Each structure stands twice: as C-alpha cells, then as structure tokens.
Amino acid sequence: MAVATRTIPRAMAKVMPKVMVVEDEEALALLLRYNLESEGYEVDCVSRGDEAEIRLSEYTPDLLLLDWMLPGLSGIELCRRLRLRPETERLPVIMLTARGEESERVRGLSTGADDYVVKPFSVPELMARVKAMLRRSNPEALSSKLAAGDLELDRQSHRAWRNGRELKLGPTEFRLLEFFLASPGRVFSREQLLDGVWGRDVYVDERTVDVHVGRLRKAINRGRERDPIRTVRGSGYSLDDKFTK
C-alpha cells in the first residue's frame, strides 16, 4: 500500500509564535495576515466563530485576535467559552471591535479578553500590542535562547548544548529540539510536529517524525544521561516536564 509523503522544500519552517485571527471581514483578515507574517508569526485565519471554536479544540495558538461580531458564534461568547476550558483559560486574547463605548470595553474585558482594540485601528500599534502581550504571556516564544533542565538552545547562533557540551544536530533535529523546548511538558502528536517543524504545506510520512526523534535522542543522550524526550503511546512525544524540574 502506498504511503502518503510530504515533499520537503529546501527551506523548512522555523518554530515561531502562532497567532489565530478570527475575523469575517476578508480584507481586514488579509491585512492582518500580511502584517503578522511580516513580523515573523505563523498565522491561521478563520472567518466564523463556530469554526474557530472547533479549531481551538484541536490546537492552542500563542495568541488570539478575535473579532466581536462573527457569524456562527459571537466573539464575546467564544471568549467566554474559552475561559471555561483548562486548555485555553490563559490563552492571550485581543478583542477587535467597532464598539468603542466604555460599557462595551468593560464587557469585553470582563468576559475574559486581555486587551481591546477599537476599529479602525493603527496596524503598527496593534502589532506592538501583539508583541507586548506575547512577551508577557509566553516570553519563550520571542526569546532567542531556550533552556530546560541541562539543555540550552540559541536560536540566533543555531547552537545547542547539554550540560555545557555542544550538541551536533542536523537542521531538522535542531528544529525539533527548539519546538520541544518552547513548550516543555506538552504532548505533541506526529501530525502537530510535522506541521510545526516541517510546515503545513509540506508532505512527508508521519513515520519520518519517529526517525528524527530517534536521531535527536542519539545526539543529546550520552552514557547514563536521562532521556528528556518522552514517548506517549498513542499520542506522540513531549519534553518530559519532570526533566525540567
């Protein structure tokens, strides 16, 4: 039986903060996507509130830009529901709306939004707010250096160490380690790792993940050193949160 494969381009995806934009105005959604991608973020655009709720049950972005008035499910109701779920109760949310009255701003913030931007807004100001919120809520997403336990990684120099020993990693193994270090303890399925490390438009066999995780383990583990990568049967892999303590 033939196995579906992903064609790997020369330049592979870098692990970057993920921003979901929930906006039904197509022109505005395109504008936001363009500016966010120009800042280096990975962007996922959704036009309906109910579709966004389904997408958010499948994965959690680093930040949510959420329009108030949406078809299917209002942004205010979606925000309320997200705050009731353990997986998204701390998800940073910036509400976008044409409602500028003080009472409406209070309502949006009391429902769970972290920030409130009134349309029409300055795009540079919104980009600054996105960056500031990511810096507060998830500094690892923007930091050039990541660390957990005795593992260290420098995104700028593209080097990694364990217990002071520099690791010899291939490009894919480096991205895998970067992905794990950005979210220690979180379990990623093979499909999520393919999307995050190889990119969503790339098609390779999911078993490729197992091969590269094996190579990463071989590169970072020496002698009796504890293996920081945990295999979760039926689910995928994670950087063991016990290793980081």
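For clarity, every value in this text was computed on a predicted model and none was experimentally measured.
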query: Are E23 and M69 close enough, and set up right, to give a side chain to side chain contact (heavy atoms under 4.5 Å, CB included), and what steps lead you there?
result: CA-CA 8 Å; E23 171 61 63; M69 300 296 292; over 6 Å; no
[Y] backbone acceptor or donor facing [X] side chain under 3.5 Å:
{"X": "T88", "Y": "L91", "result": "no"}
{"X": "R83", "Y": "E89", "result": "yes"}
{"X": "E25", "Y": "A27", "result": "no"}
{"X": "D114", "Y": "V93", "result": "yes"}
{"X": "D67", "Y": "L70", "result": "no"}

Could you see if [X] belongs to whatever hydrophobic cluster contains [Y]? Use Ile, Leu, Val, Met, Phe, Trp, Tyr and a side-chain cutoff under 4.5 Å.
{"X": "V118", "Y": "I76", "answer": "yes"}
{"X": "L167", "Y": "V211", "answer": "no"}
{"X": "Y34", "Y": "L30", "answer": "no"}
{"X": "M133", "Y": "F121", "answer": "yes"}
{"X": "L31", "Y": "V19", "answer": "yes"}

Would a 4.5 Å heavy-atom cut-off, applied to side chains only, mark [X] and [Y] as touching?
{"X": "M20", "Y": "Y59", "result": "yes"}
{"X": "L78", "Y": "D50", "result": "no"}
{"X": "P228", "Y": "D240", "result": "no"}
{"X": "E178", "Y": "L176", "result": "no"}

Could you tell me whether [X] and [Y] make a salt bridge, using a distance below 4.0 angstrom between a side-chain N and a carboxylate O?
{"X": "D44", "Y": "K18", "result": "no"}
{"X": "D62", "Y": "K131", "result": "no"}
{"X": "D115", "Y": "R129", "result": "yes"}

- prompt: With sequence neighbours left out, what residues match R81 under salt bridge (Lys or Arg N to Asp or Glu O under 4.0 Å)?
  reply: E53, E77
What distance do [X] atom [atom1] and [Y] atom [atom2] have between them, rounded to the nearest 0.5 Å?
{"X": "L146", "Y": "L177", "atom1": "CG", "atom2": "CG", "answer": "8.5 Å"}
{"X": "T208", "Y": "L194", "atom1": "OG1", "atom2": "CG", "answer": "7.0 Å"}
{"X": "I54", "Y": "R48", "atom1": "CD1", "atom2": "CZ", "answer": "9.5 Å"}
{"X": "L65", "Y": "L36", "atom1": "CG", "atom2": "CG", "answer": "6.0 Å"}
{"X": "N35", "Y": "M127", "atom1": "CG", "atom2": "CE", "answer": "5.5 Å"}
{"X": "F188", "Y": "L193", "atom1": "CZ", "atom2": "CG", "answer": "7.0 Å"}

message: Quick test of your reading: applying ring pair (Phe, Tyr, Trp, His ring centres under 6.0 Å), list the pairs with at least one residue in residues 218-241, sequence neighbours left out, ordered by first then second residue.
response: none
field: Qualifying residues under side chain to side chain contact (heavy atoms under 4.5 Å, CB included), relative to E152, sequence neighbours excluded
entry: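 Once residues adjacent in sequence are excluded, the partners of E152 under the side chain to side chain contact (heavy atoms under 4.5 Å, CB included) criterion are A147, W161.
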field: Residues which pass ring-ring contact (aromatic ring centres under 6.0 Å, His included) with F180, listed by chain and number, not counting sequence neighbours
entry: none
- request: Report the C-alpha distance between E173 and K168 in whole Å, list the side-chain angles of each, state the deciding distance to 0.1 Å, and finish with yes or no for salt bridge (charged side-chain N to carboxylate O under 4.0 Å, His left out).
  value: CA-CA 9 Å; E173 287 70 51; K168 296 181 179 180; over 6 Å; no
Compare every heavy atom of [Y] with every heavy atom of [X], then report the nearest pair and how far apart it is.
{"X": "L239", "Y": "A148", "value": "CD2-CB, 3.9 Å"}
{"X": "V187", "Y": "S235", "value": "CG1-CB, 3.9 Å"}
{"X": "C79", "Y": "A113", "value": "SG-N, 3.6 Å"}
{"X": "L134", "Y": "P17", "value": "CD1-CB, 4.0 Å"}

field: Inter- and intrachain pairs under salt bridge (charged side-chain N to carboxylate O under 4.0 Å, His left out), touching residues 28-37, at least two apart
entry: R33-E37
Other residues, nucleotides, ligands: >12 heavy atoms within 6.0 Å of [X] [atom1]:
{"X": "E26", "atom1": "CD", "answer": "no"}
{"X": "R85", "atom1": "CZ", "answer": "yes"}
{"X": "R222", "atom1": "CZ", "answer": "no"}

- prompt: Hey, mind stepping through Q192 and R186 against side chain to side chain contact (heavy atoms under 4.5 Å, CB included) and telling me if it holds?
  reply: CA-CA 11 Å; Q192 288 173 324; R186 179 176 172 183; 4.2 Å; yes
message: Between L64 and L56, is the side chain to side chain contact (heavy atoms under 4.5 Å, CB included) condition met? List the steps.
response: CA-CA 10 Å; L64 180 65; L56 288 163; 4.3 Å; yes
task: Check step by step if side chain to side chain contact (heavy atoms under 4.5 Å, CB included) holds for L126 and L96.
output: CA-CA 10 Å; L126 178 60; L96 307 176; 4.2 Å; yes
Give every donor-acceptor pair under 3.5 Å between a side-chain atom in residues 213-220 and any protein atom, sequence neighbours left out.
from	atom 1	to	atom 2	distance (Å)
R217	NE	D227	OD2	2.8
R217	NH1	T231	OG1	3.3
R217	NH2	I229	O	2.9
R217	NH2	T231	OG1	2.8

query: Can you list the steps and then say if N221 with R226 is a side chain to side chain donor-acceptor pair (under 3.5 Å)?
result: CA-CA 7 Å; N221 298 325; R226 179 178 174 185; over 6 Å; no
query: Going by the angle between their ring planes, with limits at 30° and 60°, are H158 and F174 parallel, tilted or perpendicular?
result: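 Judged by the thresholds at 30° and 60°, the geometry between H158 and F174 is parallel.
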